[in-house]
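A short worksheet on the structure shown next.
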Protein chains: 2
Amino acid sequence: MNSKINSRVRLEDLARALKLSIATVSRAMSDSSRVKPETKQRVLSKAKQMGYRSNQIAKSLSSGKTNVLGVIIPRYDEPFFIEVCRGIDYYVRKHDYRILINSSRNSFKYEKENVLAFERGTVDGVAMCFTHETNSYEHVEELIDRKMPLVLFDNISHKIDGAGHVKIDDFSSAVKAVEILIKHKNNSIGYIGGTSKKSVFNQRFDGFVEAHKKHHQSFKTRHVLNCKSYHQEHEFYEVFNFLSKLQDVPNAFFCSTDNYAILCIKALTKLGYKVPQDIEVIGFGNLHYSNMFTPELTCVSQPSFKMGEKVAEMLLNKIDKGFFISNTDQNSEIVLPTKLVYRDTTR
Amino acid sequence: MNSKINSRVRLEDLARALKLSIATVSRAMSDSSRVKPETKQRVLSKAKQMGYRSNQIAKSLSSGKTNVLGVIIPRYDEPFFIEVCRGIDYYVRKHDYRILINSSRNSFKYEKENVLAFERGTVDGVAMCFTHETNSYEHVEELIDRKMPLVLFDNISHKIDGAGHVKIDDFSSAVKAVEILIKHKNNSIGYIGGTSKKSVFNQRFDGFVEAHKKHHQSFKTRHVLNCKSYHQEHEFYEVFNFLSKLQDVPNAFFCSTDNYAILCIKALTKLGYKVPQDIEVIGFGNLHYSNMFTPELTCVSQPSFKMGEKVAEMLLNKIDKGFFISNTDQNSEIVLPTKLVYRDTTR
DNA sequence: ATTGATAATACAAACGTTTACATTATAATT
DNA sequence: AATTATAATGTAAACGTTTGTATTATCAAT
């Protein structure tokens with residue numbers, strides 16, 4: 001069985017040493033009003049002396065609470081997700097919770113595995129962002145059926161009944177960004193973005209389209225690139241290839257992430273264009289390294305840390321209340337504001 | 001007590017439904033040879049039908065194993081640490097483990113809290129990197145006393161008896177990098193790095209000194225900067241200030257991280273210098289975005305993902321063996337090789 | 001049929017807590 | 001001194017597993 005039992009101090013050991021019952025010791029440790037101050041003091045100092053550490057597993061089994069939140073992100077190596085995790089962590093620590101992060105490695109299969117793992121009782125609630133592959137939702141619906149508090153964030157194409165939703169308005173944010181480019185008298189604007197399988201990217205592209213429509217301007221399909229690659233280097237070549245083959249390079253680009261914007265600028269520079277003098281570029285995200293580049297990137301700033309905090313807040317509320325905020329409830333969805341950060345890649 | 005009991009299917013429910021004992025059902029679920037194939041089949045299909053999910057908490061309490069590894073990193077927002085986590089995660093998943101990441105937020109106080117949390121039985125082992133503030137080690141020694149398998153990585157100034165150690169050779173890597181700059185006939189080389197409180201930075205600086213000594217070349221103390229800031233923007237101004245005040249800007253810089261190298265290049269560019277034509281720069285780390293900058297960064301490549309894998313391997317070995325690889329054991333330390341990646345910031 | 005071996009299953013304790021309920025101690029009131 | 005209220009502590013069940021040991025079933029050999 002348990003191989004470490006011999007070394008661990010348990011409530012029982014404290015109880016024996018103090019000639020008290022386990023119950024009293026337990027209550028003393030949790031500062032219950034039912035044990036007298038003097039006894040509490042004795043227990044506490046004995047606990048310290050004997051190096052007692054409560055067994056969180058036993059506590060969890062008994063109380064039905066783990067004080068751990070599960071977080072499922074599509075991948076580790078995208079700073080946005082880490083930033084959201086940081087926000088979640090920051091918030092929940094104040095409430096004595098910890099987070100267990102699982103990456104889906106960009107695969108629906110792993111996403112399902114991760115959800116399954118969280119059905120095993122190791123977490124009190126789940127925060128989650130879908131991969132680009134996800135287009136069926138039985139796995140999360142089952143999670144909800146099992147009464148697991150769930151909050152979804154970012155990349156939401158599809159509202160899930162019983163889950164909370166935290167996102168930004170990708171569509172209008174994109175509209176605003178592209179409108180800037182239009183107002184700057186760019187009559188030919190290109191779009192470079194990630195896979196069209198990902199809902200957020202589609203919404204940002206739709207915003208790109210909408211801005212054109214709104215201002216009675218048109219764009220060329222050949223100026224639109226939806227990248228398929230996942231590795232940094234491949235992505236760069238995809239962007240570079242795309243741009244180098246164009247006869248008529250647009251005067252401006254709207255990119256669906258900062259990463260694409262940076263790659264776009266790099267490729268344009270390589271092709272002899274100057275940003276922003278010849279061509280303007282706007283990114284999306286505002287990663288912490290976006291202002292380390294020269295020229296510093298103009299972009300839509302996405303409140304990733306804040307998003308994490310909101311996700312956490314919503315999730316802890318759900319856990320607390322012990323019931324489920326319904327989809328019709330105004331609290332089931334939070335849309336966070338974005339803002340445009342003007343830096344050096346626009347004029 | 002537990003508020004979810006009503007909904008959860010337990011072994012007992014399966015047992016009752018199948019008119020079997022809990023023990024048999026438990027054994028069937030874990031594919032024990034003591035239960036006959038036909039019964040196993042019945043159990044499995046009933047489990048599926050009733051939507052049974054084993055309770056990991058109960059399992060852990062009973063078996064003394066959580067199948068979770070604790071990982072303590074100084075901070076989330078440094079891609080190096082995330083990359084190490086990714087390596088750990090990648091390795092341990094193959095062995096049915098998960099990781100619980102805790103950030104110390106660059107503070108020794110939180111680091112101790114994190115260690116304490118892991119003494120509560122929620123993890124089977126701990127992987128950890130010290131913050132720059134850490135210079136006392138009772139907390140980890142206590143962890144070891146409590147028989148917790150422990151592997152330290154990166155930033156190790158001080159060997160801890162009973163712990164495993166995984167690192168790179170910061171000193172020689174720095175020597176090699178600076179030697180390149182010397183071979184390129186740079187007779188004046190500067191150093192820009194992080195806080196001298198952090199062991200890895202000291203070791204890299206010592207390498208910088210050693211390379212000079214080895215080649216009978218000297219450097220000026222006024223060409224050395226140990227940054228004190230922690231925020232991206234402050235860091236930039238610190239670097240920019242430092243450089244703008246110099247009468248005699250060196251012909252080359254060795255920076256103790258990629259980040260400083262990038263900030264250094266940005267500052268130099270702002271001051272009108274061309275990299276690498278006027279001034280060469282070498283970074284340290286090889287972050288995934290180091291080659292997105294123009295010019296692409298020449299740097300010492302640190303095998304962060306690999307480091308994670310090695311940490312994980314060592315930790316699982318310790319857990320398996322159930323005993324402690326002593327410090328004298330050759331297996332208690334792994335030093336991973338680095339390599340110099342030549343890109344565009346050197347000639 | 002009886003015996004014996006072994007396969008299959010059952011019983012019950014253990015893991016370390018929490019907590020409802022029961023008991024005992026203490027102090028205030030008569 | 002007896003009664004009562006309440007403060008303090010104790011007893012034991014429960015949380016859902018695993019696993020050592022005990023029991024029963026099965027079947028081959030006599």
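Proteins come first, then strands; the chains are lettered A, B, ... in the order of their sequence lines, and each starts at number 1.
Here D:dT17 presents its P atom at 9 Å from CG of A:Leu61, a figure rounded to the nearest Å. Atom C1' of nucleotide D:dC15 and atom CZ of B:Arg10 are separated by 9 Å, given to the nearest angstrom. If you take CD of A:Glu12 and P of C:dT18, they are 14 Å apart, rounded to a whole angstrom. Between the CD atom of A:Gln56 and the C1' atom of D:dC15 there is a distance of 14 Å, given to the nearest Å. Protein atom CG of A:Leu11 is 19 Å distant from nucleotide atom P of D:dC15, rounded to whole Å. Atom pair B:Asn55:CG and C:dC15:P shows a separation of 18 Å (rounding to whole Å applied). Between the CZ atom of A:Arg8 and the P atom of C:dG16 there is a distance of 8 Å, given to the nearest Å. In this structure, A:Ile57 places its CD1 atom 13 Å from C1' of D:dC15, rounding to the nearest Å.
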Show every donor-acceptor pair shorter than 3.5 Å between a side-chain atom in residues 68-81 of chain B and any protein atom, with sequence neighbours excluded, or say none if there are none.
{"residue": "B:Arg75", "atom": "NE", "partner": "B:Asp77", "partner atom": "OD1", "Å": "2.8"}
{"residue": "B:Arg75", "atom": "NH1", "partner": "B:Glu78", "partner atom": "OE1", "Å": "3.4"}
{"residue": "B:Arg75", "atom": "NH2", "partner": "B:Asp77", "partner atom": "OD1", "Å": "3.3"}

TODO: Sugar-phosphate means primed atoms, P, OP1 and OP2; the rest is base. With that split, encode nucleotides 4-9 of chain D 5' to 3' as B, S or - using protein heavy atoms under 4.0 Å.
DONE: ----SB

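Classified by interplanar angle (parallel below 30°, tilted 30° to 60°, perpendicular above 60°), the ring pair B:Tyr137/B:His158 is parallel.
Under 4.0 Å is where a charged nitrogen must lie from a carboxylate oxygen, and between A:Arg86 and A:Asp89 no such pair does. Taking a cutoff of 4.0 Å between a charged side-chain nitrogen and a carboxylate oxygen, A:Lys167 and A:Asp154 do not qualify as a salt bridge.
The nucleotide whose nearest atom lies closest to any side-chain atom of B:Ala23 is, among C:dT18, C:dG16, C:dA12, C:dA12. Among the nucleotides D:dA12, C:dG16, D:dT18, the one closest to any side-chain atom of B:Ile22 is D:dT18.
Residue A:Tyr52 places none of its side-chain N or O atoms closer than 4.0 Å to OP1 or OP2 of C:dG16. When the side-chain nitrogen and oxygen atoms of B:Ser62 are compared with OP1 and OP2 of D:dG16, none of them lie within a distance under 4.0 Å.
Taking 4.5 Å as the limit, some side-chain heavy atom of A:Leu116 sits within range of a side-chain heavy atom of B:Arg53.
Within 6.0 Å of NZ in B:Lys48 there are 12 or fewer heavy atoms belonging to other residues, nucleotides or ligands. Summarising the local packing, OH of B:Tyr90 is surrounded by 12 or fewer heavy atoms from other residues, nucleotides or ligands at distances under 6.0 Å.
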